[in-house]
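Read through the structure below, which is laid out as structure tokens, and then see the notes.
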Number of protein chains: 2
Amino acid sequence: MSPTANQPNSDTKTLVLDCAVPLFAQKGYTGVSMREIAKAVGIQAATLYYHFPNKEALHIATMAHAFSDKAEGMSAAMSEPGTPEERLRRFINLFTFLMSGDKDFRMLLQRELLDGDEEQLETLATKVFQEQFIGIANLANEVAPGCDAHMLAISMAGLVLYHLETGPIRRFLPGGKSEHDDPEVIAHHVTSLLLNGMGGCRR
Amino acid sequence: MSPTANQPNSDTKTLVLDCAVPLFAQKGYTGVSMREIAKAVGIQAATLYYHFPNKEALHIATMAHAFSDKAEGMSAAMSEPGTPEERLRRFINLFTFLMSGDKDFRMLLQRELLDGDEEQLETLATKVFQEQFIGIANLANEVAPGCDAHMLAISMAGLVLYHLETGPIRRFLPGGKSEHDDPEVIAHHVTSLLLNGMGGCRR
DNA sequence: GTCTATATATGGATAGAC
DNA sequence: GTCTATCCATATATAGAC
């Protein structure tokens with residue numbers, strides 16, 4: 001293997017993407033500099049331009065990298081047997097734990113909803129989320145046939161994500177407790193609300 | 001009134017804040033430059049530093065300006081008479097229409113959840129949202145006594161806001177229709193879900 | 001592939017005239 | 001109060017050595 005071989009020693013590109021994910025997630029596109037990313041990787045800023053033509057390309061690649069990781073795992077939970085209610089319960093649980101554990105992913109998604117242009121959002125929707133979304137919508141349709149599965153799927157995901165996203169401010173609002181950050185508590189609340197409405201906690 | 005009088009001619013400060021709101025909302029703190037804000041106002045960048053000590057102070061003042069406008073109106077809707085269900089219906093309707101009409105406000109709020117530090121979030125929670133939040137939580141407690149009013153209040157607001165925030169990407173997801181952007185459709189869906197759960201659309 | 005060095009633009013912020 | 005002019009730090013991006 002000569003020193004000029006192609007793949008061996010460095011998959012610097014992947015390393016760059018891994019380091020860029022938390023930076024873009026926490027500080028946003030304009031909040032992160034190429035120097036900052038390079039420093040996190042442990043290389044010089046100029047080297048980034050060998051792997052990516054410019055900052056925007058690096059940003060898009062970073063998002064694709066972060067999002068592609070997440071496209072797996074959930075499908076299995078929804079295709080398992082059980083009554084629609086049981087499967088809803090299982091899905092909300094899994095989804096809440098998954099999302100709860102990856103703050104960077106959630107922040108990237110939120111930033112993309114704020115800053116992404118039409119093309120980026122369409123790519124995200126069709127190439128990344130479509131399959132999972134269909135699974136959720138199908139589940140919604142089994143739990144509540146005849147209802148608008150699209151809106152229900154948004155509500156299902158949104159309920160979980162909003163409780164997670166408001167974590168930093170909820171503790172300052174009346175009635176906020178640390179238990180409200182517990183994925184188990186959130187999943188239980190959301191499941192109960194989805195299945196029975198607001199009165200659902202009185203069993 | 002001498003030319004050195006204090007308040008008269010210019011409330012440039014207010015004008016600056018009005019112009020800064022949509023800029024910070026759409027591009028974020030690091031995405032907007034002082035020059036850009038000055039240009040939108042029609043003044044020179046240096047003039048901004050007469051009214052505000054630095055960019056961060058201008059940003060904080062901008063958010064206070066945007067948020068304080070919204071602290072009114074909702075209280076009335078919740079104190080009106082009616083059964084808890086009727087009042088919930090009215091509140092969700094009003095809240096959905098209010099939030100639907102002010103995209104800048106929603107984006108500012110989202111960005112604050114992403115970028116705000118503890119102190120800013122505490123200020124936002126206690127000085128701006130507390131009163132409204134208590135109203136929502138009280139309503140939740142009347143609709144569903146014995147349940148966790150804090151979590152229900154988050155769910156109520158979150159359901160509405162998430163449908164609005166995902167507007168740009170929903171149209172690319174399966175089953176997405178333009179009607180899903182209609183505040184009336186969103187409000188009806190959310191109310192039904194809150195009162196009856198997912199099965200609520202089969203009446 | 002990665003480096004050093006640098007071109008070039010733009011950012012926040014200040015000084016001082018009017 | 002607002003302007004012009006400018007300082008200085010930092011940004012993206014490129015050139016060319018190794």
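From a predicted model like this one, the values you see are computed outputs, not experimental measurements.
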In this structure, which one of A/Leu139, A/Thr191, A/Leu159, A/Leu195 forms a side-chain contact (heavy atoms from CB on, under 4.5 Å) with A/Ile92? A/Thr191
How would you summarise protein contacts on nucleotides 4-18 of chain D per nucleotide, using B for base, S for sugar-phosphate only and - for none, with heavy-atom distances below 4.0 Å? B------BBBBB---
Can you check the [X] [atom1] to [N] [atom2] distance for me, whole Å?
X	N	atom1	atom2	answer
B/Leu58	C/dG11	CG	C1'	15 Å
B/Leu15	D/dG1	CG	P	14 Å
A/Ile43	C/dC3	CD1	P	6 Å

Using the salt bridge (Lys or Arg N to Asp or Glu O under 4.0 Å) rule, collect all pairs that involve residues 178-198 of chain B, keeping only residues at least two apart or in two chains. B/Arg170-B/Asp181
Does C/dT2 have OP1 or OP2 under 4.0 Å away from a side-chain N or O of A/Tyr50? no
Which donor-acceptor pairs under 3.5 Å do side chains of residues 17-30 of chain A form with protein atoms, sequence neighbours excluded?
unit_1  : atom_1 : unit_2   : atom_2 : d
A/Asp18 : OD1    : A/His65  : NE2    : 2.7
A/Gln26 : NE2    : A/Asp104 : OD1    : 3.1
A/Lys27 : NZ     : A/Glu36  : OE2    : 2.5
A/Tyr29 : OH     : A/Glu56  : N      : 3.4
A/Thr30 : OG1    : B/Thr30  : OG1    : 2.6
A/Thr30 : OG1    : B/Gly31  : N      : 3.4

Holding to side-chain hydrogen bond (donor to acceptor under 3.5 Å, both in side chains), I want the full list of residues that pass it with B/Asn141, two or more places apart in sequence or in another chain. none
Heavy-atom pair with the smallest gap, counting every atom of B/Glu142 and B/Pro145: O-CD, 3.6 Å
Under 3.5 Å, sequence neighbours excluded: what are the donor-acceptor pairs made by side chains of residues 146-158 of chain B?
unit_1   : atom_1 : unit_2   : atom_2 : d
B/Asp148 : OD1    : B/His150 : N      : 3.0
B/Asp148 : OD1    : B/Met151 : N      : 3.1
B/Asp148 : OD2    : A/His180 : NE2    : 2.7
B/His150 : ND1    : A/Pro174 : O      : 2.9
B/His150 : ND1    : A/Gly176 : N      : 3.4
B/Ser155 : OG     : A/His163 : NE2    : 2.7
B/Ser155 : OG     : A/His189 : NE2    : 2.6
B/Ser155 : OG     : B/Met151 : O      : 3.2

Before we go on, tell me: are the rings of B/Phe133 and B/Phe129 under 6.0 Å apart, centre to centre? no
Sidechain-backbone polar pair: A/Ser192 side chain, A/His188 backbone, donor-acceptor under 3.5 Å: no
To the nearest 10 degrees, the angle between the two end axes of the helix from C/dG1-D/dC18 to C/dC18-D/dG1 (five pairs per end) comes to 0°
